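These values consider heavy atoms only, across backbone and side chains, with no hydrogens, waters or symmetry-generated copies. Convention: sequence-line order gives letters A, B, ...; per-chain numbering from 1. What you are looking at is a predicted structure, and each value in this text was computed from that prediction instead of being measured.
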Amino acid sequence: MIKALHKMAAAVPSVIHWFRLDLRIHDNLALRNAINEAENRKYLLRPIYVLDPDIKNKVGVNRLRFLIQSLQDLDINLRKLNTRLYVIRGKADEKIPELFDEWQVKYLTQQLDIDPEYVEKDCVIEKVAEKKDIFIVKRVQHTVYDCNSVLKKNNGSVPLTYQKFLSLASELPVKECIEIKKQIPDSSNPSDFESHDYDVPSLSDLGIDDSTLVACKYAGGETEGLKRLDMYMARKDWVCKFEKPNSFPNSLEPSTTVLSPYISHGCVSSKLFYHKLKEVENGRKHTEPPVSLMGQLMWREFYYTAGTGTENFDKMKGNSVCTQIPWGKNDEHLKAWAEGRTGYPFVDAIMRQLKQEGWIHHLARHMVACFLTRGDLWISWEQGAKVFEDYLLDYDWSLNAGNWMWLSASAFFYKYFRVYSPVAFGKKTDKEGLYIKKYVPELNKYPVAFIYEPWKAPKEVQQRAGCVIGVGYPKRIVDHDKIHKENMQKMAAAYKANKEKKAQRPLKRKRSD
DNA sequence: GGTGGCGTTGTGATA
DNA sequence: ATATCACAACGCCAC
């Protein structure tokens with residue numbers, strides 16, 4: 001009996017929607033395409049997510065938790081439509097070709113991604129699909145604009161300034177959001193609909209010891225994300241007055257929306273965010289890009305466009321927009337930075353918040369990124385980007401690379417002599433050092449006068465505060481006042497070398513002509 | 001093709 | 001509190 005059912009099921013072809021960084025129902029054209037295709041052709045529908053069993057070695061535990069929560073929520077929301085999420089455990093480029101045969105796949109829909117890791121796997125899968133005559137549909141839905149259209153408008157070259165990007169984008173249309181309203185018919189569901197083999201795994205299923213996890217501050221999922229979006233969009237006055245540079249990197253609770261993890265995972269559609277912002281701004285006096293909330297969304301578009309149009313965007317070598325800088329290597333310094341024990345309390349507080357909570361304010365990212373690269377430690381931005389990839393809930397391939405290049409003055413931003421002071425910068429918005437005391441608790445008995453520079457406290461003050469520098473809290477690994485000036489010289493030299501190289505290039509071309 | 005204006009968010013001193 | 005300046009002087013882009 002069961003065998004017969006399976007045989008029948010196998011005979012009916014399938015449509016797959018492959019969820020990737022589009023972990024949502026709303027504004028998901030590729031998903032709707034799959035649903036409609038299944039219904040119209042009387043095929044079976046399989047919304048899948050492919051989970052690499054190796055993922056815990058690639059993604060930090062906080063982001064993994066966010067992902068699992070997002071998948072759980074996605075499954076719940078799909079079941080409301082009378083389908084479900086089929087989680088496939090394995091490597092996409094191996095598993096999906098297998099499924100093509102097992103499920104008699106005729107049609108596959110997915111979101112277009114630009115992360116080279118995805119693109120590489122997609123190529124393998126596309127080749128197999130072509131042989132088997134499987135139709136693949138890719139939809140642009142991770143960004144507001146189609147980045148390739150922006151590039152086309154700029155005659156194929158990458159806009160290197162934000163204002164240039166804005167002027168290009170302003171001439172492009174923004175599509176409306178997609179809704180899925182009707183229920184999926186029972187006939188679209190395969191016979192193994194109820195199978196637990198495809199259930200969303202728990203963290204412990206993936207070999208993560210729950211007791212090692214810190215409290216969850218930002219829960220993943222479309223439902224949470226939309227709730228957060230609605231909560232902030234309801235604060236119309238706040239939205240219209242939003243100016244990023246006037247928000248606080250070191251408030252005890254976030255001074256910005258923390259929508260970024262939801263947008264990076266696709267729990268919230270960037271296009272939905274766009275339309276909601278337009279709705280709030282409409283008819284009201286409001287701030288403008290680059291500082292406005294809309295401006296923040298456009299920064300994301302800017303980096304996505306640059307990432308789409310630039311080879312090796314996440315590397316220094318072979319990256320046409322990236323100034324070549326002879327960064328040094330110091331694994332001890334890198335580790336001290338990553339673990340929040342540089343001896344600079346503000347830097348350490350930020351890095352510890354990042355590791356614990358998976359989110360830090362944009363300006364806090366500026367502080368620690370500048371410190372790691374051109375400011376103090378003279379370590380490559382690629383190293384920093386890897387640490388951020390591990391810790392950030394909102395890790396996003398092109399934004400991470402783009403922002404790291406910005407802060408290291410490798411691309412987009414060039415005033416390398418503007419160096420953030422690990423002592424002065426935080427004081428502007430937190431004179432008392434409350435943020436430091438929260439995340440570097442060993443210093444919480446330090447007098448305000450020394451909280452940003454505890455090494456300056458007299459020994460008896462250190463002892464009275466119960467934390468002697470070099471014992472309870474590390475000594476500074478570098479002297480900022482000295483080293484940032486040396487680094488500035490190195491930056492000047494790197495820029496000079498780069499300029500000379502550039503000046504040579506047109507000459508060479510002329511000779512070969 | 002040269003050049004001046006400008007660039008999301010610096011620091012520290014001085015008025 | 002807030003503004004301006006020196007610091008040393010970047011690259012992109014529009015004109």
Side-chain angles (χ1 to χ4, degrees), chain A residues 153-155 157-169 241-251 255-256 260 286-303 305-306 309-310 319-325 344 346-347 350 360-371 373-376 399 402-431 452-453 480-503 505-507 510:
Chain A
K153 232 181 168 49
N154 202 34
N155 301 316
S157 65
V158 174
L160 291 170
T161 65
Y162 181 75
Q163 295 303 334
K164 178 73 186 169
F165 166 82
L166 280 186
S167 74
L168 294 165
K241 285 182 176 152
F242 185 92
E243 287 180 298
K244 188 61 159 284
N246 294 337
S247 57
F248 305 101
N250 45 8
S251 49
S255 59
T256 51
S260 54
H286 60 82
T287 52
E288 296 283 349
V291 296
S292 64
L293 261 185
M294 182 64 87
Q296 306 314 301
L297 183 57
M298 290 301 114
W299 278 106
R300 181 171 183 276
E301 300 289 313
F302 169 69
Y303 286 126
T305 305
T310 310
N319 180 342
S320 60
V321 302
C322 183
T323 303
Q324 306 296 303
I325 296 164
Y344 282 94
F346 187 45
V347 173
I350 294 167
I360 49 176
H361 187 276
H362 187 66
L363 290 178
R365 301 178 197 205
H366 278 211
M367 177 69 247
V368 296
C370 180
F371 189 88
T373 57
R374 66 190 166 88
D376 297 82
L399 277 73
N403 275 309
W404 272 99
M405 282 190 271
W406 182 292
L407 264 303
S408 60
S410 301
F412 312 116
F413 171 84
Y414 308 96
K415 290 192 240 189
Y416 57 77
F417 38 85
R418 289 192 171 180
V419 176
Y420 292 86
S421 159
V423 172
F425 187 61
K427 282 186 187 170
K428 282 196 288 189
T429 44
D430 179 21
K431 279 200 188 76
Y452 282 88
E453 318 170 79
H480 173 79
D481 292 336
K482 258 194 213 162
I483 209 152
H484 92 272
K485 283 184 181 150
E486 291 169 27
N487 288 348
M488 244 190 247
Q489 299 295 315
K490 290 190 203 169
M491 285 300 290
Y495 268 55
K496 201 178 160 205
N498 191 58
K499 209 173 189 175
E500 283 163 5
K501 227 180 181 178
K502 265 191 183 169
R505 240 174 266 154
L507 278 174
K510 267 179 198 165

What is the separation between atom [atom1] on [X] and atom [atom2] on [N], rounded to the nearest whole Å?
X      : N      : atom1 : atom2 : answer
A/M488 : C/dA9  : CE    : C1'   : 12 Å
A/D376 : B/dT11 : CG    : C1'   : 13 Å
A/K164 : C/dC12 : NZ    : P     : 14 Å

Determine the contact category for [X]: base if any of its heavy atoms lies under 4.0 Å from a base atom, sugar-phosphate if only primed atoms, P, OP1 or OP2 are that close, otherwise nothing.
X      : value
A/L363 : base
A/F412 : nothing
A/E243 : nothing
A/K427 : nothing

Assign the ring pair A/H484 / A/H480 to parallel, tilted or perpendicular, where the plane angle (0 to 90°) is split at 30° and 60°.
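Rings of A/H484 and A/H480: parallel, under 30°.
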Can you label the angle between the A/W406 ring and the A/W299 ring as parallel, tilted or perpendicular, going by 30° and 60°?
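Answer is perpendicular, since the angle exceeds 60°.
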Single hit among A/Y416, A/Y420, A/F425 for side-chain contact (heavy atoms from CB on, under 4.5 Å) with A/C370
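Answer after filtering A/Y416, A/Y420, A/F425: A/Y420.
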According to the Watson-Crick and G-U wobble definitions, with both distances under 3.5 Å, which nucleotide is paired to B/dG7?
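Its partner is C/dC10 (Watson-Crick or G-U wobble, both distances under 3.5 Å).
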Quick one: which of [options] gets closest to the side chain of [X]?
X      : options               : result
A/Y416 : C/dC12, B/dT9, C/dC10 : C/dC10
A/Y162 : B/dT8, C/dC12, B/dT11 : B/dT8
A/K415 : B/dG7, B/dT8, B/dG10  : B/dG7

Counting just side-chain N and O atoms, does A/K428 come under 4.0 Å of either OP1 or OP2 of B/dT11?
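For B/dT11, OP1 or OP2 has a side-chain N or O of A/K428 closer than 4.0 Å.
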